[in-house]
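Because the structure is predicted, anything quoted here is derived from the model rather than measured.
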Amino acid sequence: MRTKSGRPVLVVIAHGSRDPRHAATVHALVRQVRALRPEVRVETGFLDFNIPSVQGVLESLAADGVREVVALPLLLTRAFHAKADIPAVLREAPSRLRIRQAEVLGPSPLLLSALERRLYEAGLSPADKSSTGVVLASAGSTDPEAIAVIAEIAREWRHTGWCAVRPAFASAALPRTEDAVRELRALGCARVAVAPYVLAPGFLPDRIARGAAEADVLADVLGPAPEVARVLLERYDAARTPALAALGA
């Protein structure tokens with residue numbers, strides 16, 4: 001069966017972290033999703049470090065009589081976790097569950113809106129855009145596809161009016177945040193802001209923050225921004241409805 005609303009259960013799959021701020025932020029985001037779509041049952045599972053595990057959530061749903069699930073990776077790019085880890089976990093799910101894996105969250109215009117929200121909350125205003133250089137600081141990846149996506153997002157974001165936008169990575173790729181900050185200074189931007197393109201606090205976001213020491217503005221992580229919650233629901237709708245999925249909505 002589905003839920004009482006007739007909709008598949010949404011299982012949000014987060015990476016997990018030893019840092020307690022990570023799980024707290026994930027749960028805050030999921031609360032936003034539930035508030036936007038109260039008729040949808042939303043559960044959260046973690047790949048590592050935190051409970052409940054993804055496997056535990058899926059087994060519990062199967063025991064409850066649930067038959068249809070949309071598994072949504074709480075990831076911004078299609079790197080190793082989305083391509084390998086999560087499909088492997090889903091293959092171990094109870095056979096009675098029909099599971100569709102949704103697309104990762106990025107890229108999305110809504111995520112750019114969330115990044116700007118965080119920058120404005122940190123003290124910038126729309127009037128500052130033309131004189132401000134922005135470092136789009138992501139966690140980093142060894143996957144060339146993921147790195148290319150971050151670079152493309154930076155190029156697109158630059159066209160919305162910022163002085164300049166440069167990608168940076170906390171691990172596995174270059175440049176680092178501090179190097180991108182210095183590059184924007186050298187370009188002559190009046191101020192430099194760092195926008196973490198990460199969902200929750202943790203080890204790598206802390207590294208981004210340290211790399212932003214010479215910047216004028218450091219925005220918060222995306223976290224439970226309302227735009228992020230809306231992206232989750234867009235991905236859920238696309239996965240649960242074949243016609244929408246075919247359109248890539």
Side-chain angles (χ1 to χ4, degrees), residues 8-34 40-64 66 68-108 111 138-147 149-150 169-173 196-208 221-224 228-229 231-236 238-240:
V9 173
L10 170 57
V11 176
V12 176
I13 301 178
H15 182 274
S17 172
R18 292 187 178 90
D19 188 323
R21 296 174 298 168
H22 174 89
T25 302
V26 170
H27 290 309
L29 174 58
V30 169
R31 286 194 294 272
Q32 287 268 23
V33 173
R34 290 184 179 125
V40 174
R41 179 175 176 180
V42 186
E43 303 290 345
T44 308
F46 295 90
L47 291 173
D48 206 353
F49 302 116
N50 302 106
I51 54 173
S53 67
V54 177
Q55 188 67 23
V57 169
L58 296 175
E59 290 175 356
S60 177
L61 290 173
D64 284 349
V66 171
E68 294 193 48
V69 169
V70 169
L72 196 157
L74 197 60
L75 301 168
L76 295 171
T77 58
R78 286 193 75 251
F80 182 79
H81 293 305
K83 294 177 179 178
D85 281 354
I86 292 175
V89 170
L90 297 181
R91 284 194 294 270
E92 298 299 318
S95 60
R96 64 179 64 89
L97 290 177
R98 181 188 180 199
I99 302 176
R100 297 187 182 101
Q101 181 177 330
E103 290 296 325
V104 297
L105 304 186
S108 167
L111 294 177
S138 76
S141 173
T142 57
D143 189 311
E145 178 186 348
I147 298 302
V149 166
I150 298 300
F169 308 94
S171 69
Y197 190 60
V198 293
L199 288 166
F203 177 76
L204 292 177
D206 284 348
R207 181 180 288 177
I208 290 171
V221 299
L222 294 172
V228 179
V231 176
L232 264 71
L233 288 171
E234 284 187 354
R235 299 295 183 256
Y236 167 78
R240 75 183 179 89

Using modelled atom types and a 3.5 Å cut-off, is there a donor and acceptor pairing between side-chain atoms of E68 and backbone atoms of R240? no
Under the criterion side chain to side chain contact (heavy atoms under 4.5 Å, CB included), I'd like the reasoning laid out for V12 against L29: C-alpha separation, chi angles, the key distance, then a yes or no. CA-CA 10 Å; V12 176; L29 174 58; over 6 Å; no
Any idea which heavy atoms bring A79 and S141 closest together, and the distance? CB-OG, 3.5 Å
Can you measure from CG (N50) to CZ (R18) and round to the nearest 0.5 angstrom? 10.5 Å
Which heavy atom in Q55 sits nearest to a heavy atom in P94, and how many Å separate them? NE2-CD, 4.3 Å
The single option from L222, T77, L76 passing side-chain contact (heavy atoms from CB on, under 4.5 Å) against L105: L76
For I208 against A170, the heavy-atom pair lying closest together: CG1-CB, 3.8 Å
Let me confirm one number: the OG1-CG distance from T25 to L199, rounded to the nearest 0.5 Å. 9.5 Å
Using the side-chain contact (heavy atoms from CB on, under 4.5 Å) rule, pick out the option among L75, L72, V104, V54 that qualifies with I86. L75
Inter-residue atom distance R31.CZ - T44.OG1, 0.5 Å rounding: 9.5 Å
Closest non-hydrogen atom pair between G202 and D19, with its separation: CA-OD2, 3.7 Å
Mutual orientation of the aromatic rings belonging to H27 and F46 [parallel < 30°, tilted 30-60°, perpendicular > 60°]: perpendicular
Take S60 and E43 through the side chain to side chain contact (heavy atoms under 4.5 Å, CB included) test and state the conclusion after the steps. CA-CA 10 Å; S60 177; E43 303 290 345; over 6 Å; no
Please evaluate residues I99 and V11 with respect to the criterion side chain to side chain contact (heavy atoms under 4.5 Å, CB included), reporting the C-alpha separation (whole Å), side-chain torsions for both, the decisive distance (0.1 Å), and the verdict. CA-CA 10 Å; I99 302 176; V11 176; over 6 Å; no
Write down the atom of E103, the atom of P73, and the distance for their closest heavy-atom approach. O-CD, 4.2 Å
Could you go through the side chain to side chain contact (heavy atoms under 4.5 Å, CB included) check for D206 and R21 one step at a time? CA-CA 11 Å; D206 284 348; R21 296 174 298 168; 2.9 Å; yes
Straight-line distance of H15 NE2 to H22 NE2, nearest 0.5 Å: 7.5 Å
Rounded to the nearest 0.5 Å, what separates atom CZ in R41 from atom CG in L61? 5.0 Å
Looking at every heavy atom in both V57 and P52, which two are closest together, and how far apart are they? CG2-CG, 3.6 Å
Rounded to the nearest 0.5 Å, what separates atom CG in L233 from atom CZ in R34? 12.0 Å
Got a donor-acceptor contact below 3.5 angstrom from the D143 side chain to the E145 backbone? yes
Less than 4.5 Å apart, any side-chain heavy atom of I13 and any of L90? yes
